[in-house]
Engineer: 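Structure provided below as structure tokens; questions to follow.
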Amino acid sequence: NDLDIQTLTILEEFLDGFPGVVVAVSHDRYFLDRMAEHLFAFEGEGKIRHFMGDWSDYAAARVTERAEQSAGQGRPGAGAAQGAPAQAESPARERSKQLKLSFKEQREWETIEERIAGLEAELARVQGQMERHATDYGKLAELTREQDRVSAELTAAMDRWAELAELVEAIEQAKAK
């Protein structure tokens, strides 16, 4: 649950192609929506419920059940809780899952431009120091390594900005439709 964005993305990509069964324990609802096909939900008082579908389907089923219970229209576990809507909604739900930012992506999107600006400033600072220490081979070698590190971080951050910008644009286009 405490993975950085890059590690979480790698994990999700690996699990997408993994042919076996994976049992994952998580509170990350986006991850559960993205990866889960079956849930074992711990509902309290020792009750564990098997549910066919992802977390959003499960949450919707719980809302429906509560509404039915409060209206006296049905018993708990009827209809949506058995997984029927999860099966019927899965293609549309799959498209909508792909067109939203996770909480971590949203946080990253909000701070990535500031991070890029900070890396650009750090790169300029290192390059300025390189000019000042042009005759000191040891210091220049150290600064060159630092420049390479900062340049690599900057490139990765800019690539990630492009990925997130593309996703945000796709989300905006989907909302406009």
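All values derive from a computational prediction rather than experimental measurement.
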Engineer: Go through the steps for Leu154 and Ile116 under the test side-chain contact (heavy atoms from CB on, under 4.5 Å), then give the verdict.
Structural biologist: CA-CA 6 Å; Leu154 180 58; Ile116 288 170; 3.8 Å; yes
Engineer: Is the number of heavy atoms from other residues, nucleotides or ligands under 6.0 Å of Trp109 CH2 greater than 12?
Structural biologist: yes
Engineer: Between Glu110 and Arg107, is there a side-chain N and carboxylate O pair less than 4.0 Å apart?
Structural biologist: no
Engineer: Regarding Arg34 and Glu105, does a basic nitrogen lie under 4.0 Å from an acidic carboxylate oxygen?
Structural biologist: no
Engineer: More than 12 foreign heavy atoms under 6.0 Å from CD of Glu37: is that the case here?
Structural biologist: no
Engineer: Considering non-hydrogen atoms only, spot the tightest contact between Asp54 and Leu32 and give its length.
Structural biologist: CB-O, 3.8 Å
Engineer: Please determine whether residues Phe14 and Val22 belong to a single hydrophobic cluster, defined as Ile, Leu, Val, Met, Phe, Trp and Tyr linked transitively by side-chain heavy-atom distances below 4.5 Å.
Structural biologist: yes
Engineer: Minimum heavy-atom separation for Leu123 to Ser151, with atom names?
Structural biologist: CD1-OG, 3.5 Å
Engineer: Using the rule that Ile, Leu, Val, Met, Phe, Trp and Tyr join whenever any side-chain heavy atoms are under 4.5 Å apart, tell me whether Val63 and Met52 fall into a single cluster.
Structural biologist: no
Engineer: Quick one, Arg115 with Arg160, criterion side-chain contact (heavy atoms from CB on, under 4.5 Å). Give me CA distance, side-chain angles, the key distance, then yes/no.
Structural biologist: CA-CA 11 Å; Arg115 182 168 180 257; Arg160 183 62 179 157; over 6 Å; no
Engineer: Can a salt bridge be assigned to the pair Glu153 and Arg149 using a cut-off of 4.0 Å between side-chain N and carboxylate O?
Structural biologist: yes
Engineer: If you measure from CD on Glu131 to CG on Leu140, what distance do you get to the nearest 0.5 Å?
Structural biologist: 11.0 Å
Engineer: When rounded to the nearest 0.5 angstrom, what distance separates CG in Asp136 from CD in Gln129?
Structural biologist: 11.5 Å
Engineer: How close do Leu39 and Gly53 get, heavy atom to heavy atom, and via which atoms?
Structural biologist: CG-O, 3.7 Å
Engineer: So does Arg145 pair up with Glu142, basic N to acidic O under 4.0 Å?
Structural biologist: no
Engineer: Counting only heavy atoms not in Gln6, do more than 12 fall under 6.0 Å of its CD?
Structural biologist: no
Engineer: Under the criterion ring pair (Phe, Tyr, Trp, His ring centres under 6.0 Å), which of Phe51, Phe42, Phe40 is the partner of Tyr58?
Structural biologist: Phe51
Engineer: OH of Tyr137: more than 12 outside heavy atoms within 6.0 angstrom?
Structural biologist: no
Engineer: Check Ala157 against Leu119 and note the closest heavy-atom contact, atom names and distance.
Structural biologist: CB-CD1, 4.0 Å
Engineer: Test of understanding: clusters of I, L, V, M, F, W, Y form through side-chain heavy atoms closer than 4.5 Å, transitively. Do Ile112 and Met158 belong to the same one?
Structural biologist: yes
Engineer: Quick one: closest heavy-atom pair of Met130 and Leu143, and the distance?
Structural biologist: CG-CB, 3.6 Å
Engineer: Kindly compute the distance separating CD1 (Ile171) from CG (Leu167), expressed to the nearest 0.5 Å.
Structural biologist: 4.0 Å
Engineer: CD of Glu163 to CD of Glu108: how many Å apart, nearest 0.5 Å?
Structural biologist: 8.5 Å
Engineer: Can you see which heavy atom on Glu12 is nearest to which on Met35, and at what distance?
Structural biologist: O-CE, 3.7 Å
